[in-house]
There are 2 protein chains.
Amino acid sequence: MTDRKPRRSDATRAAILTAARERFAADGYERATIRAIAADAGIDPTMVMRYYGNKEKLFAAAAEIDIRLPDLTAVPRDQVGERLARHFLDRWEHDETMAALLRAAATNGGAAQRMREMFAQQLVPVVAPVVAEACPDPAQAPARAALVSSQVLGAALCRYVLRLEPFVTMPADEVTAWLGPTLQRYLTAADPAAR
Amino acid sequence: MTDRKPRRSDATRAAILTAARERFAADGYERATIRAIAADAGIDPTMVMRYYGNKEKLFAAAAEIDIRLPDLTAVPRDQVGERLARHFLDRWEHDETMAALLRAAATNGGAAQRMREMFAQQLVPVVAPVVAEACPDPAQAPARAALVSSQVLGAALCRYVLRLEPFVTMPADEVTAWLGPTLQRYLTAADPAAR
DNA sequence: AGTGTAGGCCAACAATTGTTGACATAGCGG
DNA sequence: CCGCTATGTCAACAATTGTTGGCCTACACT
């Protein structure tokens, strides 16, 4: 139902998308040129326009991200933080699309909007039930999720974008060990002062 | 000694720098054009070139930042985290130069380099003595400082760049209340698992 | 007052960008 | 086998960019 008849140009489409993700991840939105993307994909720049309309739509297609968050209700409450930290780190390590979106979101309004949508549609709902258990006010969920975002995005920024030295070489396990308790507190602490 | 003879063009120079900071903060490095900056400053684009050489050097001049970190050794050890959080938030709130550097660092190599230097030269030294008290290994200081950076930059990213809703409207006091204990732990915990 | 120099503007260049249209070709359906 | 449409290439456009050189003006110093 959701898949259409396979087109002869599917290979080209995919090549464009792959090249676009690489370029957007490496250079950000403005510096990644359609010509460079087309060259990487081994085709003419015109094809990019034909298949994706314009640069903005190409980026939208390239930056389509599913965080694939696990079902946190199935995780022991006191391990939620570390579990989340590990998942995010793993996701970032294996999918350059995440870095592409982050880099672009810093200067491109559309990309920032996309990031906000990801937050609202994917992170908040998953996190809400966990927050609800430890905190009476259900309206707190977005704020808690935002705190989680800030630490996760900040770590990604330092590690994959700024390439801040201590953070780049630090083993993934150590990063999760440090971030885990932080996220745990953001999600399950009754108030900021509580542990 | 450090100040030179005042030049007739000092007003223009300052106007350029102010406009540059605003544009770089609002648009990032690539989208902020010299023409737009000159227009904001009410002068000809040529002046920018004459006084700052080229766009890169202009940015370097505009993004010269002193974090003005307080002397943490004079702060009670258990309040270091909150003190740092408040300082950073305040700094970001009142100086758009910080946002300019952050936005630009996401896509511009030079800006990223600048950010790393700020980290190494300003944050690490201030933080090192605090870390040394709680942790035997002096080589841990950079890693702890990097963790602090990640949370601070992440919060700034969400609040001032991505404008993630819950984070934008959250009162500054509440943000510091949440971030304080996190930074405190990154600095003074003996190991990731310790509180 | 006269002159040299710093401050400023205008026009223009070369390069790059996203984007468009006309034209070729090849493969599939009739 | 014929023709139509999808796929692809080439050349070019219009706009924008950083950047340069020439020219005018006004202030400062002798």
Side-chain angles (χ1 to χ4, degrees), chain A residues 3-63 100 103-104 106-111, chain B residues 3-63 100 103-104 106-111:
Chain A
D3 42 16
R4 304 205 133 282
K5 166 171 31 173
R7 278 165 295 197
R8 189 157 38 105
S9 62
D10 282 346
T12 305
R13 290 183 135 88
I16 294 176
L17 222 50
T18 305
R21 291 208 180 91
E22 284 173 11
R23 282 288 177 177
F24 283 134
D27 302 336
Y29 183 82
E30 359 274 344
R31 300 178 72 126
T33 75
I34 291 194
R35 282 174 164 85
I37 292 171
D40 287 358
I43 48 107
D44 193 274
T46 319
M47 294 286 88
V48 179
M49 304 301 297
R50 201 199 294 271
Y51 292 140
Y52 294 95
N54 57 28
K55 190 181 181 181
E56 210 173 42
K57 289 184 195 167
L58 170 64
F59 177 81
R103 266 217 163 86
T107 48
N108 185 270
Chain B
D3 43 17
R4 306 205 131 282
K5 167 169 35 172
R7 278 166 295 199
R8 189 156 40 105
S9 61
D10 281 347
T12 305
R13 289 183 135 86
I16 293 176
L17 222 51
T18 305
R21 290 209 180 91
E22 286 174 9
R23 282 288 178 177
F24 282 134
D27 303 338
Y29 183 82
E30 359 274 343
R31 301 178 71 125
T33 75
I34 292 195
R35 283 175 163 87
I37 293 171
D40 287 358
I43 48 110
D44 193 273
T46 320
M47 297 284 89
V48 179
M49 304 301 297
R50 200 199 299 270
Y51 293 140
Y52 294 94
N54 57 30
K55 190 181 181 181
E56 210 173 42
K57 291 183 194 166
L58 170 64
F59 177 80
R103 265 220 164 82
T107 48
N108 185 270

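So that the names make sense, note that chain A is the first sequence line, chain B the second, and so on, each numbered from 1.
Note that the CG atom of A:Leu58 and the CZ atom of A:Arg21 stand 9.5 Å from one another [nearest 0.5 Å]. With values rounded to the nearest 0.5 angstrom, B:Arg103 atom CZ is found 14.5 Å from B:Asn108 atom CG. Annotation: the span from A:Ile43 atom CD1 to A:Arg50 atom CZ amounts to 11.0 Å, rounded to 0.5 Å.
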Starting at the 5' end of DNA chain C, what dot-bracket string do you get if Watson-Crick and G-U pairs under 3.5 Å are bracketed, crossing pairs use [ ], other-strand pairs use | and unpaired bases use dots?
-> ||||||||||||||||||||||||||||||

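In plain terms, the two heavy atoms of B:Asp27 and B:Ala32 that are nearest each other are CB-N, 3.9 Å. The shortest non-hydrogen separation linking A:Ala20 to A:Ala62 is CB-CB, 4.2 Å. Here the closest heavy-atom approach between residue A:Ile16 and residue A:Ile37 is recorded as O-CG2, 3.9 Å.
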Nucleotide by nucleotide, 5' to 3', does protein get under 4.0 Å of the base (B), only the sugar-phosphate (S), or neither (-) in nucleotides 17-30 of chain C, counting heavy atoms?
-> BBBBB-----S---

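Here B:Tyr51 reaches the OP1 or OP2 of C:dG8: one of its side-chain N or O atoms lies under 4.0 Å away.
In this structure, the side chain of A:Lys55 does not engage the main chain of A:Thr33 through any donor-acceptor pair within 3.5 Å. For the pair B:Tyr29 (side chain) and B:Gly109 (backbone), a donor-acceptor distance under 3.5 Å is absent. One N or O on the side chain of B:Asn54 and one on the backbone of B:Lys57 form a donor-acceptor pair closer than 3.5 Å.
Counting only N and O atoms by type, the side chains of A:Glu30 and B:Thr107 include no donor and acceptor under 3.5 Å apart.
Within residues 12-28 of chain A, no residue has any heavy atom under 4.0 Å from DNA chain C.
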